[in-house]
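The shown structure was predicted, so the numbers you read here are calculated from the model rather than taken from an experiment.
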Amino acid sequence: MPGLLSSPVCLTVIWFLSWSLRPSRSQIQTDEVSDVQYGRLGSNVTLACGNSQIRIPVVWHLNHSSALPWHKVTSDGSLVLLHADHSAQGNYSCYDNQGLLLHPVKLRLGHPPGLLSVSCQVPNHTHVRCSWVESVKTFLPAKYNASLRGTGQEWRPCVVDVARKHCDVDHPAFWQTIHTLRVTETNALGSETTSVRFKLHELLKPDPPESLLVKEFEGYPKRLIVSWNFPSSWPLHDAFPLIFEIRYRPQGSVYWSEVYSEESPVVIFDALAGHLHQVQIRARDEVNSESQWSEWSPLLLVKPWEVSSTPETTEELPPDELFPEYFFPINTKPETSTAKPHNSVYPEDESNLGLVILLVLFSVVILTTVLSLIFVVWVRQRRRDHVTKQELTSMVKMKSMPI
């Protein structure tokens, strides 16, 4: 059997079969890309026909078509795309003059990374999320590496979500005044690092309060009961208390009234009877005065309680035993309002009235003092004139006496 395979006739048949199968093999390989090459948009991009220099004529195809962008072919068979744009992207193949595939390559065009626009959110004292937006559209897949550190501390990794382009750090060193975030973007054409500095306590911004509920107060047409829950992203309620601002107004009014509270629920006493009211709430860290207010919660519409069969009666204050204790949360901060729908006398009006009274009394005292001084001067001047007149009379009498 070995002698038969080595016979001239058998070798000739094997050579003929291998030669006849070459075109079909090359046709199959044109659909396979063995290499990916990256180039910069707007520049000249060179595609080599294989790893070694070829001194035979070659033919280039783009996506199985002989129509190519603006180009030239060098003596070694390389294809030079001049000022390549997006239309030049695709699968390139070079063939010899007999149609044999020599080398396939996939071309992708884009730009190297640029600086990123970075912003950070601090929804509570235990979490930081930083996100970024590309200043340069690269059109190429990128990788990101991010890290965070406080002043004088070691770099801590910021866990990256490439799809959403943000990273997260848990339990940052909140006691550090200034933090630095470093984000590096890398693609096939290069890399760029962006650094930003910020103060965590100034970026602290809770999420809006949740489960806002506004109900009518049965039997009282000028009252509303407002309740809510802490944001679910604010886990340490006792260690880091929040202060809440409730604002409300009759629908159609341009003026809001505000109430501040540390606990839920809160009773609004000055609602406009018979009218729909708009109510919202937001929160802020109570201790850190440099922190930010949360966004306002979604707007709620509610109408105070009203009697359908009898005319509205004047609201009277009930005995204390008629009100459950939870309707009146302890709140040491006075309720403030930018607009009041009725004409009650408020502490601000009383203080202004007292100031006016003091000014009037002060003016009366000053006027009395000035009049007293004028009267004293007038009396003294009159006495002086009287003495002078007596002296003149005496001198006249002395001159008239005979010597």
Side-chain angles (χ1 to χ4, degrees), residues 205-232 234 237 241-286 289 291-353:
K205 182 179 180 180
D207 290 328
E210 299 174 358
S211 304
L212 175 63
L213 180 62
V214 185
K215 298 189 297 182
E216 62 182 28
F217 201 141
E218 186 175 355
Y220 300 93
K222 295 183 180 180
R223 299 188 184 185
L224 294 170
I225 306 174
V226 184
S227 61
W228 63 91
N229 292 332
F230 272 69
S232 57
W234 193 270
H237 300 174
L242 291 174
I243 185 170
F244 301 92
E245 179 185 3
I246 304 101
R247 70 176 184 179
Y248 56 97
R249 67 182 178 183
Q251 188 176 24
S253 174
V254 296
Y255 300 104
W256 290 97
S257 297
E258 296 94 12
V259 174
Y260 295 89
S261 178
E262 299 172 8
E263 299 179 4
S264 171
V266 163
V267 177
I268 295 174
F269 291 92
D270 57 355
L272 189 60
H275 287 76
L276 276 173
H277 284 68
Q278 299 173 332
V279 183
Q280 286 181 301
I281 187 171
R282 63 178 181 174
R284 195 192 71 186
D285 187 293
E286 184 181 14
S289 60
S291 63
Q292 302 179 36
W293 283 101
S294 73
E295 299 296 329
W296 289 102
S297 66
L299 198 67
L300 286 187
L301 286 175
V302 65
K303 182 184 289 188
W305 176 86
E306 58 183 351
V307 181
S308 57
S309 58
T310 59
E312 180 181 334
T313 58
T314 304
E315 181 180 359
E316 298 180 356
L317 291 177
D320 293 339
E321 60 268 19
L322 296 180
F323 286 88
E325 184 179 353
Y326 66 84
F327 281 156
F328 299 92
I330 297 175
N331 186 4
T332 59
K333 301 192 176 184
E335 297 181 356
T336 60
S337 174
T338 58
K340 299 295 180 182
H342 50 79
N343 296 324
S344 300
V345 178
Y346 293 92
E348 293 182 359
D349 298 335
E350 294 177 358
S351 61
N352 292 337
L353 181 59

ask   = Which distance, rounded to the nearest 0.5 Å, do you find between the CG of Leu212 and the OG of Ser227?
value = 7.0 Å
task = Supply the atom-to-atom distance Arg282 CZ to Gln292 CD, rounded to the nearest 0.5 angstrom.
result = 11.0 Å
remark   = Value for CD1 (Ile246) from OH (Tyr260), rounded to nearest 0.5 Å, stands at 10.0 Å
task = Looking only at non-hydrogen atoms, find the nearest pair between Pro304 and Leu272 and report the distance.
result = CG-O, 3.9 Å
message = Just so I know, are the side chains of Leu301 and Gln278 near enough to count as touching, which here means a heavy-atom distance under 4.5 Å?
response = yes
inquiry  = Just to verify, what does Glu216 make a salt bridge (Lys or Arg N to Asp or Glu O under 4.0 Å) with, not counting sequence neighbours?
reply    = none
query = Could you give the distance from CG (Asp270) to CZ (Arg223), rounded to the nearest 0.5 Å?
reply = 10.5 Å
query = What are the two closest non-hydrogen atoms of Pro231 and Leu242, and how far apart are they?
reply = CD-CD1, 3.8 Å
ask   = Excluding sequence neighbours, so at least two apart, what forms side chain to side chain contact (heavy atoms under 4.5 Å, CB included) with Glu306?
value = Lys303
note = Sorted by chain and residue number, the side-chain hydrogen bond (donor to acceptor under 3.5 Å, both in side chains) partners of Arg284 (sequence neighbours excluded) come out as none
note = One should read off an interatomic distance between Lys215 NZ and Leu300 CG, to the nearest 0.5 angstrom, of 13.0 Å
inquiry  = For a quick test of reading the model, state the closest non-hydrogen atom pair linking Pro206 to Ser294 and the distance between them.
reply    = O-CB, 2.9 Å
query = Arg249: what forms a salt bridge (Lys or Arg N to Asp or Glu O under 4.0 Å) with it, not counting sequence neighbours?
reply = none
key: Test side-chain hydrogen bond (donor to acceptor under 3.5 Å, both in side chains) applied to Ser232 - qualifying residues, sequence neighbours left out   = Glu210
message = I'd like to check the ring-ring contact (aromatic ring centres under 6.0 Å, His included) partners of Trp228; sequence neighbours left out, ordered by chain and number.
response = Phe244
message = Under the rule for side-chain hydrogen bond (donor to acceptor under 3.5 Å, both in side chains), what residues qualify as partners of Gln251, not counting sequence neighbours?
response = none
query = Nearest heavy-atom pair of Gly219 and Pro221: which atoms, and what distance?
reply = O-CD, 3.9 Å
remark   = Heavy-atom nearest pair, Tyr248 first then Val259, reads CE2-CG2, 3.7 Å
inquiry  = Can you list everything that forms a side-chain hydrogen bond (donor to acceptor under 3.5 Å, both in side chains) with Ser211? Sequence neighbours excluded, please.
reply    = Asn229
key: Considering all heavy atoms, the nearest Ser264-Val226 contact   = OG-O, 4.3 Å
key: Residues which pass side chain to side chain contact (heavy atoms under 4.5 Å, CB included) with Asp285, listed by chain and number, not counting sequence neighbours   = His125, Leu204, Trp234, Phe240, Val287, Asn288, Ser291
